[in-house]
There are 2 protein chains.
Amino acid sequence: MSAQSARRDSHTVQSLLAVAVGVFNVRGYDGTSMEDLAKAAGITKSSIYHHVAGKEELLRLAVTRALDGLFAVLDEPPAREGAAAARLEYVIRRTCAELIENLPYVTLLLRVRGNTAAEREALERRRDFDHRVAELMAEAIAEGDLRADLDPRLTSRLVFGLVNSLTEWYRPQEHGVGGNGGADHSAVADALVALVFDGVRNPAA
Amino acid sequence: MSAQSARRDSHTVQSLLAVAVGVFNVRGYDGTSMEDLAKAAGITKSSIYHHVAGKEELLRLAVTRALDGLFAVLDEPPAREGAAAARLEYVIRRTCAELIENLPYVTLLLRVRGNTAAEREALERRRDFDHRVAELMAEAIAEGDLRADLDPRLTSRLVFGLVNSLTEWYRPQEHGVGGNGGADHSAVADALVALVFDGVRNPAA
DNA sequence: GTCTATATTACGATAGAC
DNA sequence: GTCTATCGTAATATAGAC
């Protein structure tokens, strides 16, 4: 992977955003200068201002895209109908998929710290998401499918901390061979769901 | 919690480090200026240079402290003797405790991205830690105490992603009442170990 | 849509007095 | 150990030509 994208004749907001998110994830948002972005996009700093108002707008566009994808999962029918434990499993699995599908955007979202207005709005929407998952967890416990001794708030924090930690190491596979120990997209989601619901202990032991 | 510490007459490297790590964790390392640190420490920018060579040295001191604490866990006798599954459980529990004990330092460590030499060294030591835990996981699977279908590398990434995600929300309790849903230090470690080994599913269901 | 050139501010770091 | 004052650099952003 080169630190600099190939030069191109013309950019759109979306193509520029894709480049910017990649650089933000390598150098950090605050550690990235407009000059860094210009080099990576193959244009000059001032050309970037033709597409967006500034660095913060690129951040706002990126985290909004990530959040919209995550919230869409909660609105899908299988996340709204049936036993709470099944809905929870569905949300976990689909959130993993969404995270991997939109990896650079979600990665950036999860690293936001609240320094700017755009970041604080993103943090608030994340809290809302977490709250809705905690409610789902509480329902699944009340329905008896999850262990009764679980603290729903604590458990949902742990489970989504686990899901979100995928951004720390998961890298999409290229050319049929990847660096994730042979674990592709759905294999990771399967392993994660199995860990969450049944743990690592061997029942036969 | 005020964004600025109380003014004090004199600083040591350690007291300055504690202030700096707190600010780094709120604003991000790159988002923190020497002026921010000076205000938080109640002294001027130039006074900071009397104690340390610059901003990067504060970062290096902080992540070194965090890493030393984590590696010390691996050298404790219960992490080196007995069945691998029991050693693994010990390492998970003690790593949680170490993370909480040293929360600001470990939080900063886990957010480092590799922009500077100090950060790249820290990332390398983290990889070494992860590798040693993955070996422990593989032994526990080979000994039959963990499910045979587990991928040790993937599973150890998930488990330590889970442990590390504590830094995203855990806050130490103050005045006997905390904001962690009544879950104190060891209750969190207990819930995490229970989740990892046995999952959330109710066996009676 | 991109460029060169530049305004303006903020930053990390140093000099030297107390 | 801390201060005031300042240096040199790098940052965001704008103006105006092509």
Side-chain angles (χ1 to χ4, degrees), chain A residues 3-63 108 112-113 115-119, chain B residues 3-63 108 112-120:
Chain A
Q4 175 170 342
S5 296
R7 230 163 244 279
R8 50 181 296 161
D9 288 345
S10 189
H11 270 289
T12 63
V13 173
Q14 286 305 315
S15 72
L16 193 56
L17 180 59
V19 171
V21 170
V23 181
F24 289 159
N25 282 332
V26 170
R27 310 186 63 80
Y29 174 72
D30 287 310
T32 301
S33 69
M34 294 298 280
E35 185 61 38
D36 292 330
L37 296 182
K39 279 179 189 155
I43 57 179
T44 61
K45 270 191 296 182
S46 52
S47 295
I48 295 178
Y49 289 96
H50 176 78
H51 297 283
V52 292
K55 205 168 81 160
E56 190 175 351
E57 181 174 344
L58 287 166
L59 181 63
R60 188 180 54 75
L61 290 169
V63 299
L108 187 57
V112 149
R113 303 255 60 90
N115 283 352
T116 67
E119 295 181 52
Chain B
Q4 176 168 343
S5 296
R7 233 163 240 278
R8 50 181 296 164
D9 287 345
S10 190
H11 269 289
T12 64
V13 173
Q14 287 306 314
S15 72
L16 192 57
L17 180 59
V19 171
V21 169
V23 181
F24 289 158
N25 282 333
V26 170
R27 310 186 63 81
Y29 174 72
D30 287 311
T32 301
S33 70
M34 293 299 280
E35 186 61 38
D36 291 330
L37 295 181
K39 278 180 189 153
I43 58 179
T44 60
K45 268 194 299 182
S46 52
S47 294
I48 295 177
Y49 290 96
H50 176 78
H51 299 282
V52 292
K55 204 168 79 159
E56 189 175 352
E57 182 174 344
L58 287 165
L59 181 62
R60 188 180 55 75
L61 290 170
V63 299
L108 186 58
V112 148
R113 303 254 57 90
N115 283 352
T116 67
E119 297 181 52
R120 283 186 289 274

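Bear in mind that the values here come from a model prediction, so they are computed numbers and not experimental data.
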Legend entry - Residue pair B:Leu16, B:Leu37: steps toward the side-chain contact (heavy atoms from CB on, under 4.5 Å) verdict: CA-CA 9 Å; B:Leu16 192 57; B:Leu37 295 181; over 6 Å; no
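- Remark: C1' of C:dT2 and NE2 of A:His11 are 11 Å apart, rounded to the nearest angstrom.
- Remark: P of C:dC18 and CD1 of B:Ile43 are 21 Å apart, rounded to the nearest angstrom.
- Note: B:Glu35 CD to B:Ile48 CD1 = 8.5 Å, rounded to the nearest 0.5 Å.
- Residues of residues 24-34 of chain A that place a heavy atom closer than 4.0 Å to DNA chain C do not occur.
- B:Leu58 contributes atom CG, which lies 8.0 Å from atom OH of B:Tyr29 (distance to the nearest 0.5 angstrom).
- Within the 4.0 Å cut-off from OP1 or OP2 of D:dT2, not a single side-chain nitrogen or oxygen of B:Thr44 is found.
- Comparing atom distances between the A:Lys45 side chain and each of C:dG12, D:dT12, D:dG1 picks out D:dT12 as nearest.
- Among residues two or more places apart in sequence or in another chain, the side-chain hydrogen bond (donor to acceptor under 3.5 Å, both in side chains) test is passed with B:Arg113 by none.
- Annotation: the span from B:Asn115 atom CG to B:Asp30 atom CG amounts to 5.5 Å, rounded to 0.5 Å.
- Between D:dC3, D:dA15, D:dT12, one nucleotide has an atom nearer to the side chain of B:Ser46 than all others, and that is D:dC3.
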Legend entry - CA sep, side-chain torsions, deciding dist, call: A:Val112, A:Leu59, side-chain contact (heavy atoms from CB on, under 4.5 Å): CA-CA 9 Å; A:Val112 149; A:Leu59 181 63; 4.2 Å; yes
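- Separating the NE2 atom of A:His51 from the C1' atom of D:dA13 is a distance of 16 Å, rounded to the nearest angstrom.
- For residues 47-60 of chain A, the set of pairs meeting the side chain to side chain donor-acceptor pair (under 3.5 Å) definition, not counting sequence neighbours, comprises A:Thr44-A:Ser47, A:Glu56-A:Thr116.
- The phosphate of C:dC3 has OP1 or OP2 within less than 4.0 Å of a side-chain N or O from A:Ser47.
- OP1 and OP2 of C:dT14 both lie 4.0 Å or more from every side-chain N or O belonging to B:His50.
- If you take CD of A:Glu35 and C1' of C:dT4, they are 13 Å apart, rounded to a whole angstrom.
- Nearest to the side chain of A:Tyr49, among D:dT2, D:dT12, C:dT2, sits D:dT12.
- The separation between A:Glu57 atom CD and D:dT12 atom C1' is 15 Å, rounded to whole Å.
- When heavy atoms are screened at a 4.0 angstrom cut-off, A:Lys55 is found touching the sugar-phosphate backbone but no base atom.
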